[in-house]
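Lettering follows sequence order; numbering is per chain, from 1. Atoms considered below: every heavy atom in the structure, side chains included; atoms not considered: hydrogens, waters and symmetry mates. As the structure is a computational prediction, the values presented were derived from the model and not from experiment.
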Number of protein chains: 2
Amino acid sequence: MDPLDERSKQILYAIIQSYINKPDPVGSRFVTKKYSFGFSPATIRNIMADLEDMGFLSQPHTSAGRVPTDKGYRFYVNSLLGQDRKINTSGIETAFIDNFSRKLDEIKNDITGMFSEVSNTLSSMSNYVGVALPPKPEKSHFTRIDFMKYKSDHVVAIILTDEGVMKHKIIKSDPSLSQDDLNRIAEYLNNEYAGRTIDDIKSVLIGRMKADKMLWDKLISRAITLCEEILSFSESDIYFSGLHDVMNLPDFSDISRIKEISKAIKDKHTILRLLDALSDNEGVQVMIGDENPVTELKNLSIVTSPYKEGDRNIGLIALIGPTRMDYSKAIFMVETVAGCISKTLKG
Amino acid sequence: MDPLDERSKQILYAIIQSYINKPDPVGSRFVTKKYSFGFSPATIRNIMADLEDMGFLSQPHTSAGRVPTDKGYRFYVNSLLGQDRKINTSGIETAFIDNFSRKLDEIKNDITGMFSEVSNTLSSMSNYVGVALPPKPEKSHFTRIDFMKYKSDHVVAIILTDEGVMKHKIIKSDPSLSQDDLNRIAEYLNNEYAGRTIDDIKSVLIGRMKADKMLWDKLISRAITLCEEILSFSESDIYFSGLHDVMNLPDFSDISRIKEISKAIKDKHTILRLLDALSDNEGVQVMIGDENPVTELKNLSIVTSPYKEGDRNIGLIALIGPTRMDYSKAIFMVETVAGCISKTLKG
DNA sequence: GTTAGCACTCTCCTTGTTCGAGTGCTAATA
DNA sequence: TATTAGCACTCGAACAAGGAGAGTGCTAAC
């Protein structure tokens, strides 16, 4: 299957690592000097030519060195993912991670603050764009709901979930609903449905509530209308940060590349959909350049990992950067930060 | 006071308008051609040299045309602000404004959505960075508070205000406080303090609550602790948008300029403080380049206007762009959008 | 299979040149 | 006295030419 012999692999690996380290096309002479393979430049040249034929490398122009292709990065990432990543080789200090973990714990009651902190940390540590998707309310366990009357013909609904995710919503409602009525509806919901996921409640239980109608008559029918509106959440939140830092990377010294990435994160919907689709998979995932289904991201790479509550994936974080990404560091960071979040949500 | 004669003013005005329209240094020949003042280029040159001596214009290099200085723009803006702006000269269609106004009305119950819509509209219409500051909760009128017990040792507090701004907060609390206790505290607060501004409650009433202590004994003392924590809001929200669109302006064709503006809006705190300081002033305000107290904004201009609820300024919107801004359009937009918001909040 | 040697290619940088736009100054003009 | 025409001058943008440097592919020798 894999037509690469060991030597070619080592050289390819070395070239990619060197290029990630410094974005200059890598020449045969450089390889022999920097890494002591014990071959002359001419030999390396032959191998490099082969690697180019196989699509792992490419030449910007005839007399330049070689540059990895997406396929080359894929090889590199695959061998990284095959390695044992328990050892921190990313250059990120463990003290920093501990510190971050402690900080998360302090602010875990403020889900907004927590996830903006997460994306900030991701980006500032990596110099790539940090992305954080908070737990989706639909997948969370319903803990409690409360209603408040507001301005006679509106109702404020507040939903609490296990992870502390809270949604509030102001809804126009029948003015004849009194605060007492609302309290009764809330009590009913809290008693009957606590512990279920919102998705459950939405799909299955609204049907059942309709069946309960005989019990509660017209109050319940109003409650149903209310709930249907409340449980239809608008699009999830998503936190980005680090566009500014990314501009300092040599990969984005060209203004059109900045426009590219800024366009990609500008319309959140696209990325949201993409990440949503990934959120059920396990472990770190890497999408390199062209592998990306979204046009706007064809020149970028995404490293992403879900985080868990117990054994359910409930959300996701990611790093977006140039295809010439420090994948080793990015993978380590994303894995570590996801681990911190899972730990915080558990504790 | 003003050493400019009418003729010089007209020429200066024309030069600035031309430069705003197209960022090429304006030469004497061009002025004579484009605007028919009836003088030869030589005469115009003399006047331009005078204007340069007075600091209204500057030359990028000896043989280039002239470019407005900050002082020049200030002259331009002052004469704009002196004009009657009731007439829409900005090229923005009234149909669009009506549409926007209607849209605002639809989503006025969702303060987050509303203000992100505001900043989006500002930016997409102008191609500058749109900024929106939602009403500060501290200045809002307290309408209602509610508490919910959460995970035995936490309390969720929800505060509603007149403008519908709602803050929720999860607070660690004494586990012995029962939901009943919480309800009684809430009832007390709702009865006693509805209608006051949060600032009021914070500064004056917490003192009074302490005096009430005899009445309610230890429950109230707990309530006080709770309230103190609840009413200390974190920094206000601020919505930015349009960094992406700004990149298409010729003023930001240089990457370092993009970094500049992106840095400026990256740390929200600075701009927040700046705008906060302006929010008590009446009407549109323009800060041009150097006039700006914040270093990061020395090369940018800000056009801003407060919006009202009744006759109180409760929040603020702004446009940030290059000093070569279409001030006429920007002023019109900011004024109009602020008007729409005020109208929506009233209705 | 590996290596040395060599001609070749391509980019980057520097230098020189031209062209055009626009200026400032001076002397002539109304 | 204000305005204008004329002219020499300056500067930047655009283009061309040439050399340096890095790296390649190919061939023949080891």
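At a threshold of 4.0 angstrom between heavy atoms, the contacts of A:Phe30 with the nucleic acid are absent.
Dense packing is recorded around CZ of A:Arg257, with more than 12 heavy atoms of other residues, nucleotides or ligands lying under 6.0 Å away. More than 12 heavy atoms of other residues, nucleotides or ligands lie within 6.0 Å of CZ in B:Arg74, so this atom counts as buried by the packing criterion. Heavy-atom contacts from other residues, nucleotides or ligands closer than 6.0 Å to NZ of A:Lys71 number more than 12.
Atom CD1 of B:Ile44 and atom P of D:dT3 are 10 Å apart (whole Å). Residue B:Asp5 contributes atom CG, which lies 11 Å from atom P of D:dA2 at whole-angstrom precision. With rounding to whole Å, A:Asp24 atom CG is found 14 Å from D:dG21 atom C1'.
Of the candidates B:Ile317, B:Ile265, B:Leu275, B:Leu275 is the only one forming a side-chain contact (heavy atoms from CB on, under 4.5 Å) with B:Val131. With B:Ser301 as the fixed residue, the side chain to side chain donor-acceptor pair (under 3.5 Å) test singles out one of B:Tyr73, B:Tyr128, B:Tyr327: B:Tyr327.
In terms of phosphate contacts, B:Thr43 brings no side-chain nitrogen or oxygen within less than 4.0 Å of OP1 or OP2 of D:dT3.
If you find the closest nucleotide of DNA chain C to B:Ser63 and to B:Asn46, the one lying nearer the 5' end belongs to B:Ser63. Mapped onto DNA chain D by nearest heavy atom, B:His61 and A:Val26 fall at different nucleotides, with B:His61 at the one closer to the 5' end.
Of all nucleotides in DNA chain C having an atom under 4.0 Å from a heavy atom of chain A, the first and last in 5' to 3' order are C:dT2 to C:dT11.
The cationic atom of A:Arg66 (NZ for Lys, CZ for Arg) does not lie both less than 6.0 Å from the six-membered ring centre of A:Tyr19 and within 45° of the ring axis.
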